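Here the structure comes first, spelled out in structure tokens, and everything after it is commentary.
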Amino acid sequence: MEKPIALIDCNNFYASCERVFQPRLIGKPVVVLSNNDGCVIARSNEAKALGIEMGAPWHLNKENFERLGVIVRSSNYALYGDMSARVMRTLQNFSPSLEVYSIDEAFLCLDGIGDHENYARELRRTVAQWTGIPVSVGIAPTKTLAKIANRLAKANAQSGGVFCLMEEDKQSAALNKIGLTDIWGIARRLALRLQETGITSPLDLREADPKLIRQAFGVTVERIVLELRGVSCLDIEEISSPRKSLVASRSFGRPVETLNDMREAVATYANRAAEKMRRQNLATANIVVFIETNAFRKQDRQYRASQAINLAVATADSGKITTAALKGLSAIWRAGFLYKKAGVMLLDLVPADQVQGSLFQQTDTPVSKARMQAMDAINRRFGRGTIRLATAGMHSSWQLRRAFMSARYTTDWNDLLRV
């Protein structure tokens, strides 16, 4: 028998994070909005029951939400990221093999555990007690089946948040309850292609010939077939692969018209991207800056552009990265437009401790590294932006709209919960 794999998924994660420090929200419909309070990106079960759709625009639904008593919150990623880290640290107590799959999901290997279901229920109780976040647990011999088990754990109130699919007869019954697009890795277009070949259900897909599936759809779909049969093809990845790129980008709270405001925004994003990169001990020599207007405002003149800047030697220094990004901005800036968004991408990331200098350019000096370490340490302790580059400005009017922002209860001394 394959080793049992558990998928732990935080229920309505963003809404649950808001409730941890605001118990008055429990039992009430709660929605979380995207950047700039644009549209709904998370809903509590009560909000789902009211028929509120994912992606519903806030400005079109404001009066309806007020009429229904829906509580609205702006996205608070500092809070969500820290609460995610707390959940993952808690899960490490239940298995040495942990793969953090996303901000609210993780896979655990339960090999050697006798009673999987009771173990999973103890895990749920512990996570809820230590973090306040409710989770669902799906257990199966493969990651794909564990995803399905987790889905059923959420859908079936009698399961108590835990569903096990270790036996073949239970797997068949579960596959009979879902559609093709409910399977991890099967999107709508792929489902249509499968249906054209006579595969109309998950059970049909499980019974399909893996070799023929590989010839028609590739190795990825072949693995899905094998995983549905209980043959594990996707191992628990305890060590994440190094990132090859990252981006820092936001839409502005109001249109940006001046070069000075745009320079502040690009400098801010460049510094944030560099900070993210240093957390993973990476460096870059390839930087891309981009700016764009609002394509949805057809009455406005439209413009978008990007510029790549290549450095001779990879760096993790915010000053060097920001200088390069501002140089790229100067090349693409055009006056007379209402800009909606800007961003900085760092490409071809490499381990910072493996960077080699050139004949005319040296790597980041010990002084540079110490300066970055000190800046990151202070910002971690006292909050992002406590120390920043002067080019990023002090009071930026272009910042995101966050009219319904909750406090950063766990990451900012000024926002500690008052009891």
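These figures come from a predicted structure and were not determined experimentally. Because only heavy atoms are used, hydrogens play no part in the values below, and waters and symmetry mates are left out as well, while side chains stay in.
With no hydrogens or angles considered, a side-chain donor-acceptor pair links Ser368 and Asp317 at under 3.5 Å. For the residue pair Asn118 / Arg121, no side-chain donor-acceptor distance below 3.5 Å is found, with atom types taken as modelled. For the residue pair Ser136/Asn150, the side-chain donor-acceptor check at 3.5 Å is not satisfied. A donor-acceptor contact closer than 3.5 angstrom links the side chains of Asn12 and Lys48. Between the side chains of Thr200 and Asp204, at least one donor N or O lies within less than 3.5 Å of an accepting N or O. A donor atom on one side chain and an acceptor atom on the other are found under 3.5 Å apart for Arg278 and Ser318. Checking Thr142 against Arg229 by side-chain atom types alone, no donor-acceptor pair falls below 3.5 Å. A donor atom on one side chain and an acceptor atom on the other are found under 3.5 Å apart for Arg73 and Gln22. No hydrogens or angles considered: a donor-acceptor pair under 3.5 Å links the side chains of Ser102 and Asp104.
Looking only at side-chain heavy atoms (C-beta outward), Ile287 and Ile321 come within less than 4.5 Å of each other. Between Glu53 and Val40, the closest side-chain pair of non-hydrogen atoms is not below 4.5 Å.
The environment of Gln299 atom CD is dense: over 12 non-hydrogen atoms of other residues, nucleotides or ligands sit within 6.0 angstrom. Atom CZ of Arg263 is surrounded by 12 or fewer heavy atoms from other residues, nucleotides or ligands within 6.0 Å. No more than 12 heavy atoms of other residues, nucleotides or ligands sit less than 6.0 Å from atom CD of Gln356. Environment of CZ in Arg124: crowded, with over 12 heavy atoms of neighbouring residues, nucleotides or ligands closer than 6.0 Å. For Glu168, the CD atom counts as loosely surrounded, since its 6.0 Å shell holds 12 or fewer non-hydrogen atoms of other residues, nucleotides or ligands.
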- prompt: When you look at Lys154 and Phe163, which way does the side chain to side chain contact (heavy atoms under 4.5 Å, CB included) test go after all the steps?
  reply: CA-CA 9 Å; Lys154 290 185 175 182; Phe163 205 93; over 6 Å; no
message: Using side chain to side chain contact (heavy atoms under 4.5 Å, CB included), reason through Leu180 and Gln195 one step at a time and then give a plain yes or no.
response: CA-CA 9 Å; Leu180 282 173; Gln195 290 168 0; 4.0 Å; yes
query: Given Lys177 and Asp182, is the salt bridge (charged side-chain N to carboxylate O under 4.0 Å, His left out) satisfied, shown in steps?
result: CA-CA 10 Å; Lys177 296 178 180 178; Asp182 295 326; over 6 Å; no
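For Lys28 (side chain) and Val70 (main-chain N/O), no donor-acceptor pair under 3.5 Å exists by modelled atom type. A donor-acceptor pair under 3.5 Å links the side-chain atoms of Glu227 to the main chain of Cys233, judged by distance alone.
In plain terms, the two heavy atoms of Asp37 and Ser74 that are nearest each other are OD1-OG, 2.6 Å. Shown here for Val289 and Gly328, the closest heavy-atom pair between the two residues is CG1-C, 3.6 Å. Here the shortest heavy-atom pairing between Met262 and Ile291 reads SD-CG2, 3.7 Å.
Aromatic pair Tyr119/Phe94: centroids less than 6.0 angstrom apart.
Aromatic ring pairs are classed by plane angle as parallel below 30°, tilted from 30° to 60° and perpendicular above 60°; the pair Tyr80 and Tyr77 is perpendicular. The aromatic rings of Tyr101 and Phe107 lie perpendicular to each other, with more than 60° between the two planes, well past the 30° mark.
Asp364 pairs with exactly one of Lys320, Lys369, Arg371 by the salt bridge (charged side-chain N to carboxylate O under 4.0 Å, His left out) rule, that one being Lys320.
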